[in-house]
Amino acid sequence: MNEDKPGALQALRGLGKGLATTAKTLARPAHTRQYPHVEPDLPERSHGVIALLEENCTSCMLCARECPDWCIYIDSHKETLEPTTEGGRARQHNVLDRFDIDFSLCMYCGICIEVCPFDALFWAPDFAYAEGDIRNLLHEKPKLGTWMERVPDATLPEGYARPGAETPAQDADGPVGVTEPSVGEAGSSAEGTDAGDTSSREVEE
Amino acid sequence: MTSRDVLFAAVGLITAAAAVLAVTNRRVLHAGLWLVVSLGGLAGCYLVLGAELVALVQLLVYVGAVVVLVLFALMLTRSGGGEVDTSPAHRWLAAGVGAGMTVLLGGALVAAYGWDTREVAGPGNEHIGEEIFGTWVWPFELLSLLLLAALVTAVAVATTGHSRDRAA
Amino acid sequence: MSPALPLLLAAFLAGIGTYGVLARRHAVLMLIGIELLLAAAGLILVTVGQFSPDPHASGAVLTLFVITIAAAEIVVALAVIMAMFRTRGEVDLTGEAQPAAPEEQPANSGAGTVTR
Amino acid sequence: MDLPLAVEIILKAVVVLAAFLTLPLAIGQTEHKVMAHMQGRLGPMEAGPHGIAQLVADGIKFVQKEDVTPASADRWVFKLAPAVALIPYLVALAAIPWSAAWVAADVPASLLLVLAVTSVGVFGTLMAGWGSGNKYSLVGGMRAGAQLVSYELPMVLAAASVAMAAGSLSLTGIAQAWSWWWLIWQLPGALVFLVAAVAELQRVPFDSPLADSEVVFGPYTEYTGLRFAFFLLAEYAGIVVMSLLFTVLFLGGWSGPWSDTLGPLWTLLKAALVAILILWLRIAWPRVREDQLQRLAWLVLLPLALVQLALTGVGVVVWG
């Protein structure tokens, strides 16, 4: 030890420094958080789980197709909307039957959230959804919807009102959260992309 | 038979049995471990005889260092498991010589000292210390020279082969 | 107590040690025999020193000397054994009688790196 | 106390055994906590208040584990090794005085006894290294053997210096002869002894026999369950013994204010500080390489111990 390049004195100084650093740390409070007893205060945009805002989903399948490990399952069928005005044309729109994410496969890459064109998927900071059986990690759309509660306000689409809030803020181009106009627009835009491909099961042929 | 006799018989029996196992065990490392037991037992014998300083030095130097070196050498030469056997005739001959040695030495010593019970009155630790640095000081100094020589020799012998290996 | 008991034990140890030196052909095992012989010598010295007091405490002092000499002796002997192992790859004193085991062959360089 | 001899012996044996089983646990718990806080953590918190019963929980876990003996192991050597490693420290603990009256086995040459007995503990490690039938264990065992033999010499020399200064081989006598200025007079010896003691315990920074990044866990690689726990117990018991020994030799043992009544407490306090220092080294320092380790023993510690011995000799002749 004493014949190494740094020289004995320097080595001793280094050893002293090690002792001093550890002693200093000993004097300071620990960084540990006692998790099960104390909830962690996570940054609000933590990537905990993927929440689904069902009303916004057009079952366009982009998320399912982009998912690297195919953990999103979507089923939908088409329904015909009667024309709202006299002599108008009947329109079709997709109705979401099934939207499941298998969190035993999900690797939390967030690509589905990035690609969703309609702000239907969000990061929520919830993390404590472990299950005793791996098969129970396949979460269905009601469960995915419950996580919307904790999605930070900043990431929510404009005009979205949480279910708890008393008055939904009706903005000009805020179609979300309210059924009637949103369905119309969502349906049309879905047709605009590729209506035939979106539904895995063709209901009406 | 005093209680000291009984105690010595017990410790001596362990020592002797371990010694027998140390020279007959077919696995070399086990033989080394039995030597540990035997020499530890011998330290116990010294204790029973009242020579505690000798006993402790035996334990410290012999068991704690010398036999460790032996085991170390066994492990280093990777020869702890196997054994090199000699022919039965060879072993019988050796046993004969050993038995003859025992009988001769035992007979001579017992004949000289006899069976009668005597008092154990060895020198105390301080007395031994004074004698080492008084009467025995020159042999003691010679001994230190011997140790130094042994150290140098060991280093020389052990490193010459090494340097040749490195050169090759 | 009677001095016969320790003296008989010493004689027995000497016999065992002789057997060990003569019957074995493994270098370290022969050393073990020699250790037992030295132990016997030490036991005789201590016994005599304890039973017939001596103003110079020669029994105990000489035993201490024997222990020291044994330490010196074993160091040199082990160095010789190590050198032998390096050059021959085995510690069998009968030489050609038993070739070294296959896994011991590359040990030449391996042992060298471990020691120093 | 005028108890019958047999009762006294049994009583002392029970007390020593109790100390042997509790003090290492206290050291282990202290290590958990001190190490955690030195690393900005809390350490075990769940078993009992502030994790005080963590080692009990660990012990229960160890008992439940399967006792595995590897197929290529040298069975008896493998199985006996933990006991061989543990028992010497038990004997040593019995011979170390806590105060002039508090000593379980008051033998005349107790310093020599403790040093001799602890040197036998090497065999546990060597046997484990050989008996496991594992190459990492073998390498670790050989490292341990080389290390323990090398560091024993400076350790014994440093202890001899104190014995010379006190003119006694008895630990009680040494502690009684101690006075405060020995702290300066015997300082080099104390440092040598401390370093050698840490090396004898195979603790960081001298833990290359166990170096987990090189030889898995050295001689203890193949051990499971209770036998592994025995090795751990031996390590912590070793810290207890070495701390007590250092206290008695170099820190005056039970000397301090009101040492007549508080003597054992002073010993305990000083030994605890030494033990925490040994734990601290583990947390703060890196591991010393094998060749550096041997170099330190022979080129630094041994000359230092010899200088100390000469210093003590001069001191004894001049002031004695």
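The model shown is predicted, which means the values in this text are computed figures rather than measured ones. Naming: A, B, ... by sequence-line order, numbering from 1 per chain.
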Heavy-atom closest contact (I16(C) atom, A19(B) atom, distance)
CG2-O, 3.6 Å
For the student: nearest non-hydrogen atoms of A154(B) and A79(C), plus distance
O-CB, 3.5 Å
Counting heavy-atom pairs under 4.5 Å with chain C, which one of [options] comes out on top?
options	answer
L93(B), T15(B), L13(B), V20(B)	V20(B)
L104(B), T153(B), L42(B)	L42(B)
A16(B), G32(B), A31(B)	A16(B)
S38(B), P139(B), A99(B)	P139(B)

Find the one option among [options] whose heavy-atom pairs under 4.5 Å with chain B are most numerous.
options	result
L8(C), L22(C), V80(C)	L22(C)
G59(C), G42(C), A40(C)	G42(C)
L36(C), I69(C), V76(C), V61(C)	V61(C)
A72(C), G17(C), G20(C), A77(C)	A72(C)
V48(C), I67(C), T18(C)	I67(C)

Assess whether side chain to side chain contact (heavy atoms under 4.5 Å, CB included) is satisfied between I44(C) and L105(B), documenting all intermediate values.
CA-CA 10 Å; I44(C) 294 175; L105(B) 196 61; 4.3 Å; yes
Roughly how far apart are [X] [atom1] and [Y] [atom2], rounded to 0.5 Å?
X	Y	atom1	atom2	answer
H127(B)	H56(C)	NE2	NE2	8.5 Å
L13(C)	C45(B)	CG	SG	8.0 Å
E131(B)	L64(C)	CD	CG	12.5 Å
Y19(C)	T24(B)	OH	OG1	7.0 Å

Structural part of [X] lying under 4.5 Å from a heavy atom of chain B:
X	result
L9(C)	side chain
L45(C)	neither
L43(C)	both
L78(C)	side chain
T68(C)	both

Using a 3.5 Å cut-off and no angle test, enumerate the donor-acceptor pairs between side-chain atoms of residues 143-150 of chain B and protein atoms at least two apart in sequence or in another chain.
unit_1	atom_1	unit_2	atom_2	d
S144(B)	OG	E141(B)	O	2.5

Given side chain to side chain contact (heavy atoms under 4.5 Å, CB included), test M101(B) with L37(C) step by step and report yes or no.
CA-CA 11 Å; M101(B) 177 94 165; L37(C) 274 170; 4.1 Å; yes
For residues 49-72 of chain B, dump all side-chain donor-acceptor pairs below 3.5 Å to protein atoms at least two apart in sequence or in another chain.
unit_1	atom_1	unit_2	atom_2	d
E52(B)	OE2	N125(B)	ND2	2.8
Q58(B)	NE2	L39(B)	O	3.4
Y62(B)	OH	E35(C)	OE1	2.4

In terms of ring plane angle, is the pair W136(B) and F65(C) parallel, tilted or perpendicular, where the classes change at 30° and 60°?
perpendicular
